[in-house]
Q: 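Structure provided below as structure tokens; questions to follow.
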Amino acid sequence: MSRKTNTILKIIWVLLIVPVLPLYAQTQYNQTPEFLNANGVWNFGVNSGLNFNTRNPFAFSSALISMEGVVSVSSPFSGKFLFAAGGSFCRGANQSLMPNGTGLNGDEDGSCTQGKCAVPMLDSSGKYFLFSLEGFGHPPQIVRSGRLFYSIVDTALNGGLGDIEAGRKNILIDSGFSEGIIAIPGNNCDFWLLLHKRDSAVFVAYHIGKNGLNRQPVLSRTGQQLQGPGAYSSGGMAVSSDRTMVVMTSSTPPAGTPPAPGAVICKFDPNTGQVSDGLLLTNNMFTYSACFSPDNSKLYLTGSAITGTGASLLQFEVDNYTQSAISASQKEVSPSASYSMFYGSLKLYNDTIYVNAISAGGKNLDRINKPNLPGTACDYQVNAISLYFNSMTQYALPNDIPYPFPRDTLFNTTDTLICDTEINLSVTAPQGYFRYTWNDPFTGTTRKIDKPDTYVLRSQNFCELRVDSFIVRQGPPLYADLGPDTTACLSTSPWYLDVTVPDASYLWQDGSTNSTYKVRESGKFWVQLSKNECTASDTININLIDVRQHLGSDTILCREKEIAFTLRANAPDGATILWNDGSSGPSLTVTESGTYWVAVELQQCSGSDTINIARLPCECDLFLPNAFTPNGDGYNDYFLPIVQTGCPVKKFAMNIFNRYGQRIYISNTITEGWNGTFNAQPCDAGTYWYEIIFEGGRNGTMQQLKGDFSLLR
């Protein structure tokens, strides 16, 4: 028996996939909770640290020391610090050097503007690509080849403090790059790692998807081609919040001579990684850092004039995407013309732009509080954040850690009615996700549900958010009980399954809808009951043993023919058989008339039958006297046919006629004869005629006899 009771499920699946356009252009990827958590702890400069997970940024002493490009990674779910890298070093969650965290190739001396970039591995929770980019040279006369390497950081190694995987460190990708590198979320749960070639107006985009890093890049030639060695060698990149624009700065002139390189703003396609429509800005300045406003309407650049004086923080309107309109919108928003801003770094975090305005050794960070507003209305605040007392800013702020955007969202709602006095459900979270959270303090992937309530489980990975809600209600008990699996004897009386419950509806395995079911043969039977939204079901396996016997009806055979036929027993495999003659075979050959019987037994079941076999003539012979004497002496007083012994006669009719053809007697009974009278008067002696019609013999043949006889007095 297999019983299922007390639960009815109503399931609604809705798959919501955010369209590619225009919603992408309207949403800020850097405002998602994962992005804010992952970028919420900064390690940079000389022992500088800021934790943005508190109400106000909390300054702490970091173990990291790096002149420029660094990356600082936290958990996208909890905001807990995981690791940071700068120069040739990588430090784990406790700020200590990872066991395999030294000797990183690329930005060995920490002098590359954006020397480090990290991207999560989409198929592995807690693992990251760590990219290291070789700078132009420090001191400047040392020219390096701009090589790009990557290593794999696994935050689960070293007891959860993190380490670089053995054998997956300092893997060379290519060379000839400038000092700018950023990672941008794509449109298909993927990323674009964007770089720029030295000495040419070529952007290089590497695709990073669920299958890892594709080392065959997408190349885009756009922007002004600067002449001579060194063009685009130094500088950094930034992307707008809607991922439709990128900017590349350059703080090194080609061949060290004017004009200054300025910056190139371009269009970006997050679906293909293509960069296009490059426009050259501020060609009379060296530019170092760039940042877009949260609403994508403004571009901020730091830099200085080619003469080395007049450091600036410039704001541009980029809504009207033409070179003339953007250039004409230029505004100076730094607090004073003498403010040192040449190596000022900009970083957008949570709708605020943070500014590292001092070239080296600063103890504070400035802040642009309202970066969406034009000109000085952007509210530039000097010394807005104080760093830890023993730390210094140096040049750069941490590079951003991206996360897929937007993430597909799958909603699964299950309305569960428990029709029982107790609720005892077990819910297991779906596999393939990195993080599971419930709408109550419970944690874990499997939980017991023992009371009516609404339960919500959020299962997350980098590409999908699945929301399962379980609405549990409780109703009165409803049971269906067909009894245990059974073996029974099949008899002539019907056998029924009965699950009658008042006001319930029924459905059996064959589609019938009665409360009872007549079992006619062995098989598997199930029923489902429904009442007041509750359902209950049960299944039973029935093995019916059929040892019923039927040898046939009693039989009469022709006496003139030999008897030769076979009686067969209904005997399933394993049954015992006994015939009237003591034999035990499945059949018995009959050659004589008589009474025959068989008895069959199997397990607790038995059956028997008896048959009588007789022999009769096939046709009956009648003998008629040729005279009779109806004188009352008790001898030969009636004219009566004599029937062959043992021969059955049916449908008998006898007519007597006189010499005039008049019928003077009729009889329908073979045992009644004519007494020689007509109309109660004795008939004259003489000759009379008879006609007899009857059905006789085993075959029931219709026969007709005619003749004459004498009446004697």
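Residue numbers start at 1 and run along the sequence shown. Not measured: the values here are computed from a predicted model.
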Q: Is it true that a side-chain atom of D450 and a backbone atom of I423 form a donor plus acceptor pair closer than 3.5 Å?
A: no

Q: For N271 and D269, indicate whether the former's side chain and the latter's backbone hold a donor-acceptor pair under 3.5 Å.
A: no

Q: Does N514 offer a backbone N or O that forms a donor-acceptor pair with the side chain of W508 under 3.5 Å?
A: yes

Q: Are any side-chain N or O atoms of R713 and backbone N or O atoms of C683, one a donor and one an acceptor, separated by less than 3.5 Å?
A: yes

Q: Heavy atoms, side chains only, cut-off 4.5 Å: are I692 and F652 in contact?
A: yes

Q: Check whether any side-chain heavy atom of N570 sits under 4.5 Å from a side-chain heavy atom of V600, and report yes or no.
A: no

Q: Mark yes or no for whether R243, through its side chain, and Y29, through its backbone, hold a donor-acceptor pair below 3.5 Å.
A: no

Q: Quick one: does any side-chain atom of T155 pair with a main-chain N or O of G126 as donor and acceptor, under 3.5 Å?
A: yes

Q: Is there a side-chain contact between Q28 and D242 in this structure, where contact means two heavy atoms from C-beta onward sitting under 4.5 Å apart?
A: no

Q: If every non-hydrogen atom of P404 is compared with every non-hydrogen atom of L122, which pair is closest and at what distance?
A: CG-CD2, 3.5 Å

Q: Is there a ring-ring contact (aromatic ring centres under 6.0 Å, His included) between Y665 and F678 once you walk through the steps?
A: CA-CA 7 Å; Y665 178 77; F678 177 63; over 10 Å; no

Q: Distance from I611 atom CD1 to S553 atom OG, nearest 0.5 Å?
A: 7.0 Å

Q: I need the minimum non-hydrogen distance between N37 and S75, along with the two atoms involved.
A: CB-O, 3.3 Å

Q: Taking 4.0 angstrom as the limit, do D546 and R548 come out as a salt bridge?
A: yes

Q: Give me the ring orientation class for F462 and F434: parallel if the planes are under 30° apart, tilted from 30 to 60°, perpendicular past 60°.
A: perpendicular

Q: Heavy-atom distance under 4.5 Å between the side chains of F129 and L213, does that happen here?
A: yes

Q: Answer yes or no: is there a side-chain heavy-atom contact under 4.5 Å between T513 and S505?
A: no

Q: Do the ring planes of Y403 and Y128 sit parallel (below 30°), tilted (30 to 60°) or perpendicular (above 60°)?
A: perpendicular

Q: Given 3.5 Å as the limit, does a donor-acceptor pair link the side chain of N188 with the main chain of D190, or not?
A: no

Q: Can you tell me if CD on Q431 sees more than 12 non-hydrogen neighbours from other groups inside 6.0 Å?
A: no

Q: Is D708 salt-bridged to R659, cutoff N-O under 4.0 Å?
A: no

Q: Can you run down the salt bridge (charged side-chain N to carboxylate O under 4.0 Å, His left out) pairs that involve residues 671-693, sequence neighbours left out, and say none if there aren't any?
A: E691-K706

Q: Dump the intermediate steps for ring-ring contact (aromatic ring centres under 6.0 Å, His included) on F639 and F709, then the final yes or no.
A: CA-CA 9 Å; F639 180 79; F709 64 95; 3.7 Å; yes

Q: Just so I know, are the side chains of F657 and I664 near enough to count as touching, which here means a heavy-atom distance under 4.5 Å?
A: no

Q: Taking atom CD as the centre, does E601 end up with more than 12 heavy-atom neighbours from other residues, nucleotides or ligands that are less than 6.0 angstrom away?
A: no

Q: Give a yes or no answer on whether the side chain of T272 reaches the backbone of Q274 with a donor-acceptor pair at less than 3.5 Å.
A: yes

Q: When rounded to the nearest 0.5 angstrom, what is the spacing between CG in L482 and CZ in F525?
A: 10.0 Å

Q: Work out which heavy atom in N612 is nearest to a heavy atom in D554; give both atom names and the distance.
A: N-OD1, 2.8 Å

Q: Under 6.0 Å from the CD atom of E521, do we count more than 12 heavy atoms belonging to anything else shown?
A: no

Q: For the residue pair L465 and R458, establish whether any side-chain heavy-atom pair is separated by less than 4.5 Å.
A: yes

Q: Over all heavy atoms of both residues, which pair between W579 and G585 is shortest? Give the atoms and the distance, please.
A: NE1-O, 2.8 Å

Q: Hey, what's the ring geometry for W674 with Y688, parallel, tilted or perpendicular (30° and 60° as the breaks)?
A: perpendicular

Q: Ignoring hydrogens, what is the shortest heavy-atom contact between A614 and S593? Give both atom names and the distance.
A: CA-CB, 4.0 Å

Q: State, without any angle test, whether S583 and D581 hold a side-chain donor-acceptor pair at a distance under 3.5 Å.
A: yes

Q: I need the N658 CG to L711 CG distance, nearest 0.5 Å.
A: 11.5 Å

Q: With heavy-atom distances below 4.5 Å as the criterion, would you say the side chains of T629 and L712 are in contact?
A: yes

Q: Which value, rounded to the nearest 0.5 Å, describes the distance between L457 atom CG and R447 atom CZ?
A: 9.0 Å

Q: Which value, rounded to the nearest 0.5 Å, describes the distance between T487 atom OG1 and L602 atom CG?
A: 9.5 Å

Q: How long is the span from the CH2 atom in W438 to the CG atom in D468, to the nearest 0.5 Å?
A: 8.0 Å

Q: Quick one: closest heavy-atom pair of E592 and I613, and the distance?
A: O-CG2, 4.5 Å

